[in-house]
Trainee: 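Attaching a single structure in structure tokens format; questions to follow.
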2 protein chains.
Amino acid sequence: MTQLGRGGGSAAPRSVDVARLAGVSQKTVSRVFNNEPYVSDEVRQRVLGAAEELGYRLNNAARALASGRTRTIGVVTLGTALYGPASLLVGIERAARDTGYTVRVVNTADGAPAGIAGAVESLLDQGVDGIVISEPIDQGEVTLRVDVPVLVLGAPADIAGPRAVAAGVRSDLLARAATEHLLDLGHATVHHLAGPQRWYSARDRLEGWRAALTDRGAYLPAVVEGDWSAASGYEVGRELAADQDVTAVFAANDDMAIGLIRALLEAGRRVPEDVSVVGFDDIPVAAYVTPRLTTVRQPFDAVAKQGLELLVHAIENPDADPLPAGDPPVDLVVRASTAPPPSRTTPE
Amino acid sequence: MTQLGRGGGSAAPRSVDVARLAGVSQKTVSRVFNNEPYVSDEVRQRVLGAAEELGYRLNNAARALASGRTRTIGVVTLGTALYGPASLLVGIERAARDTGYTVRVVNTADGAPAGIAGAVESLLDQGVDGIVISEPIDQGEVTLRVDVPVLVLGAPADIAGPRAVAAGVRSDLLARAATEHLLDLGHATVHHLAGPQRWYSARDRLEGWRAALTDRGAYLPAVVEGDWSAASGYEVGRELAADQDVTAVFAANDDMAIGLIRALLEAGRRVPEDVSVVGFDDIPVAAYVTPRLTTVRQPFDAVAKQGLELLVHAIENPDADPLPAGDPPVDLVVRASTAPPPSRTTPE
DNA sequence: TTGAAAGCGCTAACAG
DNA sequence: CTGTTAGCGCTTTCAA
């Protein structure tokens, strides 16, 4: 008498089964599972009980098909274990979950526009209600044909066409604070070990550094550029190490700062006695390397949380204007890699 | 002439629209988009052209509903930016994409069984064809009610019930290599700064260390335990630093090793002249901290790739036996944090 | 407060 | 090689 579905084995209970067992209509089951009003408590309990008994689980594919919504957010991020992107991803997932969304992830090899476009396409193919692009390279901008809201983290929103919102990391503010810390210590100027300038966030940091220097009327040294890795910080840092005029360096991230410090030490220049170094991010080991690294902490969680609020708002209120993004707090962590410049360490 | 769907605004073309334009049946469109055989090249081109012209995009919710498959893999991972889990996640996503799957991610606060169970439930709710559990805490095992294959990375498969496969990180082999390196250098024994023992992968490393010591008949010192963080390595490392008998330490990850080294230096013990330290992971900054860290590299990409092969095999061949997992290569990276013990540095 | 009917856009099975 | 016919399990009208 067992009437199996034509599929054969699968016996996953559906909402009609629950309805039958609870003695209500299928629509009522749907109401209960969507927390819709106008269901008496008694009926609600009956339905929940029946669902429990059958081990019922709502079929999301069917729901998405019928409703046109997936309650899924797609995230495009860098395919690396770099602390920044990884932290943002964690923050995004948490924030999404808190607002009732789940997260689909696609990595790009290098954050370049073509790869991002491909990743976005694949997300759109899968079906997502919104997209987060985390820390993209924004040069050679591709305008994406997207019909869902897009949140760009770490770049201006205009990279991604209409319905785009941006959450401010405001790296420039943090970079400025880092630079000013060095200036306040008495350094005549501050050199900058920059991130790859194809990245908006790298340019943003550079801008903050430049602004701090300009405001104080300090000399603006040539910029050297790494690729975020400690290895590049080391390579590029050798130039800096060879230049005896360098007494203070602001590195665009902690990894490069660590590589730079190694280059300095190997060149016989002490940190911070001869050269001060400030990093960027406050990676977990920053407090324990030698010397303990002064750095600015990026508020990844706050940024992710706020960004997701904007995105979800845009998803759920298609016509409303995007919410304005607030400025995140500046958190300079002073440790042992910064000190006054050598000339001032021995006052007469 | 514009015939809008009754939805109002949404005008997303469906496969029937493509079919109409191409002058074929809707099923043929379906065939083309599924790369099924038995479609003439001419028709295929016509369909593709029509799809392109309309900007057609296959609706995955409908596909999933009709086929019962999502081509999505759910990943449960730790909600941290720790290098290990983050690297695995990247590797998993890449491997999944290479095999035509996409990835849904849920983070757990701490990898504890209850959180994992919840994450798995939510993945199952969303609909996934398979699940990857990355680096779980496996104590107080929960057996999950799962009807899809589960891949457990960094723990034995039996944590997750039936249809579970495991990919071997074989931390024990790597831990053994790290320990033997120290022994080979002439250290009488090697201390171990372990990871939290609720983690299988931490216990696995401990086993490898213990086995190496036992095989050589070396004295087995008491184990100290951190929580993977550099901060804990520092805290716990102070005990080790105070003990003059300690000449060699194997730390269960690089972050703890870095914290430990700081504790040693602050206690006036030089690394590696007085104490040798080996880490685990080969995080990107390991080569640049002071002293440059000797460590064993974890083959995250290889593990993820192999694990996903097993998982996809299990998904697509429900009845076949799980493939056996091979042993990953051991890659010891000797740098500057290890040296012979003090007594031997000045041979008479 | 509840129910009935009608699809959402696709794939599966079976014909041709 | 191509088409026809049924659903997949929900949500959405609309009616009661």
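Quick note on labels: first sequence line is chain A, next is B, and so on, each numbered from 1. Values in this document were obtained by computation on a predicted structure and should not be read as measured data.
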Trainee: It should be established whether B/Thr28 places a side-chain nitrogen or oxygen under 4.0 Å from OP1 or OP2 of nucleotide D/dG3.
Mentor: yes

Trainee: Would you please confirm or rule out a distance under 4.0 Å between OP1 or OP2 of D/dG3 and any side-chain N or O of B/Tyr38?
Mentor: no

Trainee: Using distance alone, with no hydrogens and no angle criterion, decide if B/Arg104 and B/Thr70 have a side-chain donor and acceptor under 3.5 Å apart.
Mentor: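 The criterion, which ignores hydrogens and geometry beyond distance, is not satisfied for B/Thr70 and B/Arg104.
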
Trainee: Separation of B/Arg69 atom CZ from C/dC10 atom P, in whole Å?
Mentor: 18 Å

Trainee: What protein N or O atoms touch nucleotides 14-16 of chain D N or O atoms at under 3.5 angstrom, if any, and at what distances?
Mentor:
none

Trainee: Could you check how far CD of A/Gln26 sits from P of C/dT1, rounded to whole Å?
Mentor: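 After rounding, the gap between these two atoms is 20 Å.
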
Trainee: Rounded to the Å, how far apart are A/Leu65 CG and D/dG7 P?
Mentor: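 Rounded to the whole Å, the gap is 17 Å.
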
Trainee: Judged by atom type as modelled, is there a donor-acceptor pair below 3.5 Å linking the side chain of B/Arg20 to the main-chain atoms of B/Ser25?
Mentor: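 Not confirmed, B/Arg20 side chain does not pair with B/Ser25 backbone.
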
Trainee: Looking at the side chain of A/Ala66, which of D/dT2, D/dT4, D/dC10 is the nearest nucleotide?
Mentor: D/dC10

Trainee: Take atom CG of B/Asn35 and atom C1' of C/dC10, then tell me their distance rounded to the nearest Å.
Mentor: 16 Å

Trainee: I'd like to know if the side chain of B/Arg163 reaches the main chain of B/Ala314, judged simply by a donor and an acceptor atom lying under 3.5 Å from each other, with no hydrogens or angles considered.
Mentor: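 Side chain of B/Arg163 to backbone of B/Ala314: a pair is present.
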
Trainee: Which sits closer to the 5' end of DNA chain D, B/Pro37 or B/Ser67, going by the nucleotide each is nearest to?
Mentor: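 In this pair, the answer is B/Pro37.
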
Trainee: Expected output is a numbered-order residue list: members of residues 14-23 of chain B with a heavy atom under 4.0 Å from any atom of DNA chain D. What is it?
Mentor: none

Trainee: By nearest atom, which of the nucleotides D/dT2, C/dG3, C/dT2 is closest to the A/Lys27 side chain?
Mentor: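 Within the option list, the nearest is C/dG3.
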
Trainee: Examine C/dT11: is either OP1 or OP2 under 4.0 Å from a nitrogen or oxygen in the side chain of B/Asn34? Give yes or no.
Mentor: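 The answer is yes; a side-chain N or O of B/Asn34 sits under 4.0 Å from OP1 or OP2.
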
Trainee: Looking at A/Ser40, does any N or O in its side chain come under 4.0 Å of the phosphate oxygens OP1/OP2 on C/dT1?
Mentor: no

Trainee: What I want to check is whether the side chains of B/Arg71 and B/Asn60 have a donor and an acceptor closer together than 3.5 Å.
Mentor: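 Note: B/Arg71 and B/Asn60 side chains miss the donor-acceptor criterion.
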
Trainee: How long is the line joining CZ of B/Arg63 and P of C/dT11, in whole Å?
Mentor: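 Checked: the CZ to P distance equals 5 Å.
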
Trainee: Counting distance only, does the side-chain N/O of A/Thr28 pair as donor-acceptor with the main-chain N or O of A/Val24 below 3.5 Å?
Mentor: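 No, A/Thr28 side chain to A/Val24 backbone: no donor-acceptor pair under 3.5 Å.
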
Trainee: Measure CZ/B/Arg44 against P/D/dC1 and give the value in whole Å, please.
Mentor: 10 Å

Trainee: Is a side-chain donor-acceptor pair under 3.5 Å present for A/Asn107 with B/Arg97?
Mentor: no

Trainee: Using a strict 4.0 Å threshold on nitrogen-to-oxygen distance, state whether A/Asp301 and A/Arg94 make a salt bridge.
Mentor: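 Between A/Arg94 and A/Asp301 there is a salt bridge, with a charged N closer than 4.0 Å to a carboxylate O.
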
Trainee: Measure CD/B/Gln126 against P/D/dC10 and give the value in whole Å, please.
Mentor: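 My rounded result for the distance is 14 Å.
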
Trainee: Supply the atom-to-atom distance A/Glu52 CD to A/Leu21 CG, rounded to the nearest 0.5 angstrom.
Mentor: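 Between A/Glu52 CD and A/Leu21 CG, I get 12.0 Å after rounding to 0.5 Å.
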
Trainee: Rounded to whole angstroms, how far apart are CZ on B/Phe33 and C1' on C/dA12?
Mentor: 19 Å

Trainee: Which nucleotide in the set C/dT11, C/dG9, D/dT11 lies at the smallest distance from any side-chain heavy atom of B/Ala62?
Mentor: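 In terms of side-chain proximity for B/Ala62, the closest of C/dT11, C/dG9, D/dT11 is C/dG9.
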
Trainee: Check B/Val146, B/Val105, B/Val76 against B/Leu123 for a side-chain contact (heavy atoms from CB on, under 4.5 Å) and give me the one that passes.
Mentor: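 When B/Val146, B/Val105, B/Val76 are each tested with B/Leu123, the side-chain contact (heavy atoms from CB on, under 4.5 Å) holds only for B/Val76.
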
Trainee: Under 4.0 Å from OP1 or OP2 of D/dG3: is there any side-chain N or O of B/Ser25 that close?
Mentor: yes

Trainee: At under 4.0 Å between heavy atoms, what does B/Asn60 touch on the DNA or RNA strands: base, sugar-phosphate, or nothing?
Mentor: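 No contact.
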
Trainee: Tell me whether B/Lys27 at atom NZ has more than 12 heavy atoms from other residues, nucleotides or ligands lying less than 6.0 Å away.
Mentor: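 More than 12 within 6.0 Å, yes.
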
